[in-house]
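Just below is one structure, and these are the notes that go with it.
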Amino acid sequence: MDFDLSEEQRLLKDSVDGLLKASYDFETRKKYRAEKGGWSKDVWGKFAEQGLLGLPFSEDDGGFGAGPIETMIVMEALGRNLVVEPYLDTVVLGGGVLRRASAEQRAAHLPGIIDGSKTMAFAQVERDSRYDLGDIKTSAKKSGAGYTLSGEKFVVGHGDTADTLIVTARTAGGQRDAKGVGVFLVPANAKGVDIHGYETQDGSRAADIKLNNVEVGADAVIGDADNGLSLVNQVADDARIALCAEAVGAMEEALKVSVEYIKERKQFGVAIGSFQALQHRAADMFTALETARSMSFLASMASSFTDLDERAKTVAAAKVQIGRSARFVGQGGVQLHGGVGVTMEYRIGHYFKRLTMIEQQFGDADFHLRRVAQAGGITE
Amino acid sequence: MDFDLSEEQRLLKDSVDGLLKASYDFETRKKYRAEKGGWSKDVWGKFAEQGLLGLPFSEDDGGFGAGPIETMIVMEALGRNLVVEPYLDTVVLGGGVLRRASAEQRAAHLPGIIDGSKTMAFAQVERDSRYDLGDIKTSAKKSGAGYTLSGEKFVVGHGDTADTLIVTARTAGGQRDAKGVGVFLVPANAKGVDIHGYETQDGSRAADIKLNNVEVGADAVIGDADNGLSLVNQVADDARIALCAEAVGAMEEALKVSVEYIKERKQFGVAIGSFQALQHRAADMFTALETARSMSFLASMASSFTDLDERAKTVAAAKVQIGRSARFVGQGGVQLHGGVGVTMEYRIGHYFKRLTMIEQQFGDADFHLRRVAQAGGITE
Amino acid sequence: MDLSFNPEEVAFREEVRTFFRESLDPVVRKKLQEGHHTSKDDLVNWQRTLNKKGWAVPHWPTEYGGTGWSAAKQYIFLEELQKTPAPPPLPFGVNMVGPVIYTFGNEQQKKHFLPRIANMDDWWCQGFSEPGSGSDLASLKTTAKKKGDTWIVNGQKTWTTLAQHADWIFCLCRTDPDAKKQSGISFILIDMKSKGITVRPIQTIDGGVEVNEVFFDDVVVPAENIVGEENKGWDYAKFLLGNERVNIARVGMSKERIRRIKELAGMVMSGDKPLIEDPQFRQKLAATEIELKALELTQMRVVAAEGKHGKGKPDPASSILKIKGSEIQQTLTELLLEVTGPFALPFAPEGDGRNEEGDWASPIAPGYFNYRKVSIYGGSNEIQRNIIAKAVLGL
Amino acid sequence: MDLSFNPEEVAFREEVRTFFRESLDPVVRKKLQEGHHTSKDDLVNWQRTLNKKGWAVPHWPTEYGGTGWSAAKQYIFLEELQKTPAPPPLPFGVNMVGPVIYTFGNEQQKKHFLPRIANMDDWWCQGFSEPGSGSDLASLKTTAKKKGDTWIVNGQKTWTTLAQHADWIFCLCRTDPDAKKQSGISFILIDMKSKGITVRPIQTIDGGVEVNEVFFDDVVVPAENIVGEENKGWDYAKFLLGNERVNIARVGMSKERIRRIKELAGMVMSGDKPLIEDPQFRQKLAATEIELKALELTQMRVVAAEGKHGKGKPDPASSILKIKGSEIQQTLTELLLEVTGPFALPFAPEGDGRNEEGDWASPIAPGYFNYRKVSIYGGSNEIQRNIIAKAVLGL
C-alpha cells in the first residue's frame, strides 16, 4: 500500500505541469479556443513531443507502455488547467478502442495518434439512449465484405475535428439488446458522413453526426461485430476513470482559487475568509475534494482489474462520488466568490462549468448509484 | 386567507398553555411518568374539566363541536410540553373512529371519553405490516351475530391502560387486500385479550396485544365489517394531522431551549451563540420549523376536505415535511447543546426523542414521499 | 384562521389568468417556458398591455395608478403572472425607483416620472453596487460634488442589470465625504445619455449579457435630480431594499418550472420508459414540490399578516422566503439538468440556429449556471441567515 | 503508487480474522452485532485473550509489549477487530495513559503500570473535561496543591466514560493558579479508591450510563503520581489527544453495521417484499457505502503516509476522517432506524426480558440517539472544520 508517486511518475507530473504552466494560462486558453476547430494544434504537437499521446500504448505499438496511474496524472493536470484539446476523445477513448483492436488496426491507426497527426472521436450517444451504452438504433447492415451504417449520433466530443470516428451500431437484435452491437472505425470524410459541430457549455467542442448509408470495409470492425458491447463498456469505463481524475484536478484548482479569493476579498473591513460560515464551506469543499481524490485513485487502480463486473462496479462508485463532490465544489466555489463567480471573468465559473459537464458525461451520479445499488453495494 | 387565530381559538390556546404551565414542568413530568400506567389521572381530569377531551365531538354528542384548528392548538401545546397522557390515542384516534360510528356507539362510548373516565387505544400495527394500514393478518371470523378475533397487534399506544381497544381485523380476502377489513371495538378486559405493556423511547407507553379467540358482539363493528379500510385511512390521517401539530410544538420548544443554551453557554470566553456556524445552524432550524408549521396548517385545513384522495395526499405531503424538519431540528438542537444534549438532564434530548418517534408513527418521511410521488406530486 | 381564498379572490384569480393567457403574445410565452431570453420589445410591449388594462403598477397608491388590491390579490396577480408565464415586471422602475419617487420625491418628479415608469417610456436601471462593496453596500465610493446648479458625478457602479437598454439610472452617490459610512449618501437620478457615462457589459457564465459595469467620468447632472433630502439617500435605499424582497420566493415561477420538468421528463426516454416514470426521479421531484408547497404557505402567511396588520418594516422572517425560494429555484434547475442528460453539453449562443423551437435542451445548462446567482444577489443566503440569527433569534 | 495490500499483509489479515473469530466468545460477538451493551467482564476477558496472544498493545514500542507491526498491519488489525465485531480496546489505558507513561513517565511508573494496562489489571478512566470547559479544555479549574509529599486535589471532572468500573483516573489539574491558561497544568494519576472521590452517573438519552461526573474533595494523592514535569501537563495532553484520532474513522465498524443493515432489511417486510428489495432503500444504502469506501481509501492514504514518512504531528487532514467517519456512523444509525419502522418505539432497559435474543429492534433507536455524540466528542465537527480551515487552507 503506497500512495506516493514513483520517481518516473513524479517526473511525468512535473513535465506536464511545466508544459501547461508555460502554455496554458487563462488568457492563452481563450486564444486556443478561438482557433479553427476550437483547440490548439500547437499545444497538441507539444503533447506529442512530450510523449503524452503515446502514454498508454505498448512499446510494441510505438507507445510508452505506461499504466493507469500515468493517465491519471495527465488527466488531473488537464483538469487543473481546463485543457480543451481532444485528449479524452483521442487517447483515452480512441486509444482505448484501438488498444483492444487487431494488430493490423493498431498498426494502421496508432502511429498517427502517437505522433499527433490524427485525432479521433467516439460516436455513441443517440437521441433516446441517455446513458445506456447498449441502447442503439444506428444500424450496420452487412454489405459484401463490409457494412453499411445508417443513423444519428449526438454530442460526439471533438467530432468535428476528428479524422476517424468510432461508431457503435447495431448489427442484429432490438434497440436495447446486449447482443448485436458492433464497433466500427469510420473515416470522418467518408461519403455519407454529415457532421455538425458546435461549442459546448464548458468551452470545448462536440458534434452531431448523421450517417447516411456510409460504406465501410471489413477492416473497419473492431473485434466481433455482433458482440462489441463489452468492448464499449470497457472503453466507457476507461473514459469514466479519466474523467474522475480530470474532475479531481479541476476541483483542486477550484478550491484553490476560491480560498485565495476569500483571503483577499474584503467586506465590512475584513477579509471574508474570516467568516466562519465561509470557512466551514471551504472546509467541506476540501473534504469533498479529498474523498473524490481517494475514489479517483481507486478507479485508476480498478483499471487493471480483470473481473470486468468488479471493474465496472468500482468505476460506477467512483463516478457517483466524483459527481457529488464536483457539484458541491463547483457550486461552493461560485458561492464563495459571490457575484464575480457567475461571470466569465474569473476562473471559478469555468471550473464550475467543466465540472458540471463531467457530471453529465458517461452517466450522472444517479445513473451510477442505481448501478451500484443493483449490484448489491460495494462493501466487502 | 387569514392565519390569525379567532378570539375563541386564542382563548383556548391561552387556557391550555396556562394549564400546562401550571402543571407540567420538566420535574413534574417525571413524576407523572412514574405513576401507575405511566401518566397522570390528575392531569387527565383537568383536561376533562377544561373541555379538551370533548373538543372535536358534536354538541349533540356532548362535545364542543370544535374544528381541526382547535385540535391543532391543543396538539401544539402538548408537543411543547412533551405531554405523555393518551390524548392522541383516546381523543384523536379513538374519537376519530367514534365520530364516524353509529349513534348507538357514540352514545355508548363518547360520554366516558369526554368526562375523562375512559381511555382508548388503536390496535393496528402488525409484525409485518410496517406502515401499510391494509396489511392485516389478524382475523375476524363471523360467529353468530358477532365475531371472533384472533391475531397479534404491536406498539399500540397506551394499549396497557386503555379501557377499549379499536382493532383492525380481516373479515375476508388476503393479507394485503383493500377489501375485507373490519374495525372492531374490543373491551380491554375481554376474555382472550392478552396485553403486554412497556415504556416507549420517548417516555410514553405502548403495548403488544395478543387476541386469542376474542368474542365480540354485532355492536362491536364500526360501519361495514367488510369495507372498513377507508375509515382506518381517514382516522390514520386524523392522527397524522395531529402529529404534525404536536411536532411543530415540540420543534418550537426545541429551538427555543437550544437558542437559550447557546446564548448562555460560554467557551473561549464568549457565548457560543456568537459563532457564525452555530448561528447559521439555528437559523436553518428556524426555517425548518416555520416551513413545518406552514405544512401543519395545511394539513389541519385538509382535515375538512371532502375529496379523501386529496386529503390523504395533502396529509402525506405534510408528514414528509414534518418528518424532515423534525429530524433536522432534533439533531441540530442536540448538536448545539454539545455533550449535555445527549443526557437525560437537559430538555433538548427529550424533545429529540419525541420528534424521532413522531417520524416513525403512521409512516416515515420516505413512506409518505413515495405516496406523494405515486399520486403525481402536489403542484396544481 | 381561514387558509383558503374567498370566492371574490377565486374569481379574481380566474379573471387574471384569463387576461394573461389571452393578452400575451404566445411567442413570448413560449420563450419563457423554454428558458430563452426575451427581448427589450417583449418586455416593453407587455408592460404597455398591462398599463392599458390598468394593471401596470397594482401595488402603487391609487392616486399614482395603483389598483387598491388587497395583499392577497396582489399575491394572486404575481403568482399567476409567473405561472402563465408572462414577463415579470422589470423591478427597477415599478418596484424600486417608482415607490421611492412617490414616497420621497417632489411633485415635479412624481408628475414627470411615475406615468412614464408605468408605461415603460423610460427603461430604468439601478446604480447601487460597486466593485468593492458587495454585501457591504454602504462602503460605496462614487461621488457627486455640488457645482453650481449641478452635481458632478464620478465613480463606478457594477452588476447593473440590463443597463445596455436603460434610459435612466438611479444612483447612490457619496455627497458628504466626511460623514460616517451610512450618512452622506444621496439618491440621484441620472440620464443615461449624459456625457461621460460608459457602459461595459459583463459576460456571465451562461454566455448572456445581463449585467454591466457603468462608469461615470465627470458626468454633469442637474441639481434637481436629487430625490428627497441631500445625504439622506441611505434611508431611501433601505426603504427600497425592503420592497425588493416582495415575492422574492417566486413560487409561481417555480410552479411553472415544475410543469416544464414534468413535460420534458415525459418526453425524454430513460431505457424503455419516459424518465418521469422512474420512481427515483419522481420522488426527487415530489420532495421539491413539497418544499415548494411549504414555501408557498409560508409566503401566504407573510402576505396575510401584511394584509391584516399593515406592512410596516419588512418581516425578518421573510429571510426564509429568500433562502428557501432560492434553494428551490436552484434545485429545479438541477432537476432540469438531470432531465437533459448528455444533451446538456451543446452550447447555443442566442441567435444561433439551434436556439430555436424544438431545441429544448440548450438553454437548460445555462439556466442552471445562471441561477447560482439567486443565492448570491439581493443579500446572499449567508447574509439572510445572519439576519434570522440576529433579528429573529436574538443571537 | 500501489493501492493494494501486499501478499504478506493479505496473509496477516487472514491470520487476524481467523484468530478473532475463533477466540472471541460468540455471545459477546452477538451482543455487539445486535447493539447490546457489553459487560465489564466481556471487555476484560477479551483484552486478556489478546494479551495472551501478544496483541494487547500492538502500537506500543516493542520493549513495552508492542508488536512492531507496520502502519498497514495496525490498520488491518483494527479494521478486522471492528468487522468481527470484537470489543474495541478501551482507549483510556492502551491508547491514552499508556503512551503518555512510556513517553513521559519515569521508570517506576513504566514498570508498574504498563504491564497492568496491557492485561487490564487496572481499568483506567480519563479526567480531562469539566462542566465549564467543553471544547475549551484549557479553561479547566480542578486544582492540585502541593502539601508535603502529596497533592491535594479538589474539583470536578465530567463526561468520564465508564468511571463506575475504574481503578485509576488520569487527570489534568491546575498546579500553578497564576500561570496563563495552558501553563500551570499537571498530569496526575489518581487511585479511584482514594477518600474524597465521588462518582455520579450521568444518564444519557439512550437510557444507558456510560459517562459520569467525578468529584474530588480534598483527595490526597502521593507526589510521585505526577507524570513528567510539574506544569507541563498540557503538552502531554496534546500528545495524548493527537493519538486519540487514531482510527477515529471507524471504517471496520461501519462495515459491520452495513452488514447488519442488509441482514435486517432482508428480514423486515415492506409490502410483499423484504425492505432490501426496495430500490429507494437500496440506493440510500449504496450511497452510504460509496461514502464509506471513499473514507476507507482516505484513511489508508493517511496510514500509508504515516508508514512511509513517520508519524510526526497529527495530519490536520485527518479532521476529514473525524467528520466523515462520524457522519457515516450517524447515517447508518438512521438507516437502521428506518429499517425498524414502527418497532423503533418500544424501550427496553438493559436486563429487561425484551432486551434478549430475538429482540433485534429495541437497541436501534437508543443507538441512533447515542450516536449523536460522535459529532460532538473528540473535538466537535465544528471544531474539526475550524482546524481544516485554519491549518490546511490557511484561512
Side-chain angles (χ1 to χ4, degrees), chain B residues 1-6 9 67-69 72-73 255-256 258-260 262-263 271 273-276 278-287 290-298 300-302 314 316-321 324-325 365-366 368-380, chain C residues 1-6 9 70-72 75-76 83 254-259 262 276 279-305 307-309 317 319-320 323-324 327 381-382 384-390 392-395:
Chain B
M1 203 174 68
D2 181 359
F3 291 79
D4 289 352
L5 300 182
S6 70
Q9 288 165 344
I69 302 300
M72 183 184 88
I73 290 167
L255 176 59
K256 196 177 134 204
S258 300
V259 169
E260 279 166 8
I262 64 173
K263 275 183 194 168
S274 66
F275 295 121
Q276 196 182 28
L278 303 197
Q279 292 182 350
H280 281 200
R281 186 189 288 273
D284 288 342
M285 287 164 65
F286 175 71
T287 302
E290 291 303 323
T291 46
R293 190 194 302 280
S294 294
M295 289 305 273
S296 169
F297 285 169
L298 181 65
S300 286
M301 181 168 77
T314 307
K319 192 73 167 55
V320 173
Q321 179 68 57
R324 301 205 162 174
S325 289
D366 274 5
H368 289 293
L369 179 61
R370 209 173 303 136
R371 294 175 69 214
V372 174
Q374 277 162 1
I378 53 155
T379 310
E380 70 278 17
Chain C
M1 217 173 181
D2 174 13
L3 286 65
S4 48
F5 289 110
N6 64 36
E9 288 160 349
S70 67
Y75 172 77
I76 291 169
K83 274 176 70 182
S254 289
K255 285 184 181 174
E256 156 58 21
R257 278 273 178 285
I258 284 168
R259 189 203 59 73
K262 288 178 177 171
I276 194 72
Q280 188 188 12
F281 183 81
R282 278 172 71 156
Q283 283 171 33
K284 280 205 290 189
L285 183 58
T288 312
E289 289 186 61
I290 292 166
E291 288 194 73
L292 180 62
K293 180 59 82 180
L295 177 66
E296 180 179 12
L297 268 290
T298 310
Q299 161 103 57
M300 285 166 71
R301 285 166 57 198
V302 171
V303 169
K308 195 148 181 177
H309 312 293
S319 288
I320 290 178
I323 294 171
K324 291 302 287 182
E327 287 177 352
N381 285 8
E382 287 85 3
Q384 304 298 336
R385 290 189 172 90
N386 287 348
I387 292 172
I388 294 175
K390 291 192 170 44
V392 182
L393 304 177
L395 287 167

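What you see is a predicted model, and the numbers here were worked out from it, not measured in a lab. Every chain is numbered from 1 and lettered A, B, ... according to where its sequence line falls, protein lines coming before strand lines.
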If you take all heavy atoms of [X] and [Y], which pair is closest and at what distance?
X: C:Leu297; Y: B:Ser294; value: CB-CB, 3.5 Å
X: B:Ile378; Y: C:Lys293; value: CD1-CB, 3.5 Å
X: B:Ala283; Y: C:Arg385; value: CB-O, 3.7 Å

Checklist line | All side-chain contact (heavy atoms from CB on, under 4.5 Å) counterparts of B:Ser274, not counting sequence neighbours | finding: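 For B:Ser274 the side-chain contact (heavy atoms from CB on, under 4.5 Å) partners, ignoring immediate neighbours, are B:Val270.
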Note to self: Determine whether a donor-acceptor pair (N or O, by modelled atom type, separation under 3.5 Å) exists between the side chain of C:Gln283 and the backbone of B:Ala373.
What the structure shows: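 Judged by distance alone, no pair lies under 3.5 Å.
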Next item on the list: State whether the side chain of C:Arg301 and the backbone N or O of B:Arg293 hold a donor-acceptor pair below 3.5 Å, judged by distance alone.
Entry: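 Checked: no pair found.
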Item checked: Criterion salt bridge (Lys or Arg N to Asp or Glu O under 4.0 Å) on C:Glu291 and B:Arg324, from CA distance to verdict -> CA-CA 10 Å; C:Glu291 288 194 73; B:Arg324 301 205 162 174; 5.9 Å; no
Notebook entry, point to check: Which one of B:Leu298, B:Leu255, B:Leu5, B:Leu278 has the most heavy-atom pairs closer than 4.5 Å to chain C?
Noted result: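 Option with the greatest count: B:Leu298.
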Check: When you look at NZ of B:Lys256, are more than 12 heavy atoms from neighbouring residues, nucleotides or ligands closer to it than 6.0 Å?
Finding: no
Checklist line | chain B contact via C:Ile258 - which portion, at a heavy-atom distance below 4.5 Å | finding: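 For C:Ile258, the side chain is the part near chain B, not the backbone.
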Next item on the list: Can you tell which part of C:Lys324 gets under 4.5 Å to a heavy atom of chain B, answering side chain, backbone, both or neither?
Entry: side chain
Item checked: Verdict with supporting geometry, B:Thr379 and C:Arg259, side-chain contact (heavy atoms from CB on, under 4.5 Å) -> CA-CA 8 Å; B:Thr379 310; C:Arg259 189 203 59 73; over 6 Å; no
Notebook entry, point to check: For C:Ile290 and B:Met295, what are the C-alpha separation, side-chain angles and deciding distance, and is it a side-chain contact (heavy atoms from CB on, under 4.5 Å)?
Noted result: CA-CA 9 Å; C:Ile290 292 166; B:Met295 289 305 273; 4.1 Å; yes
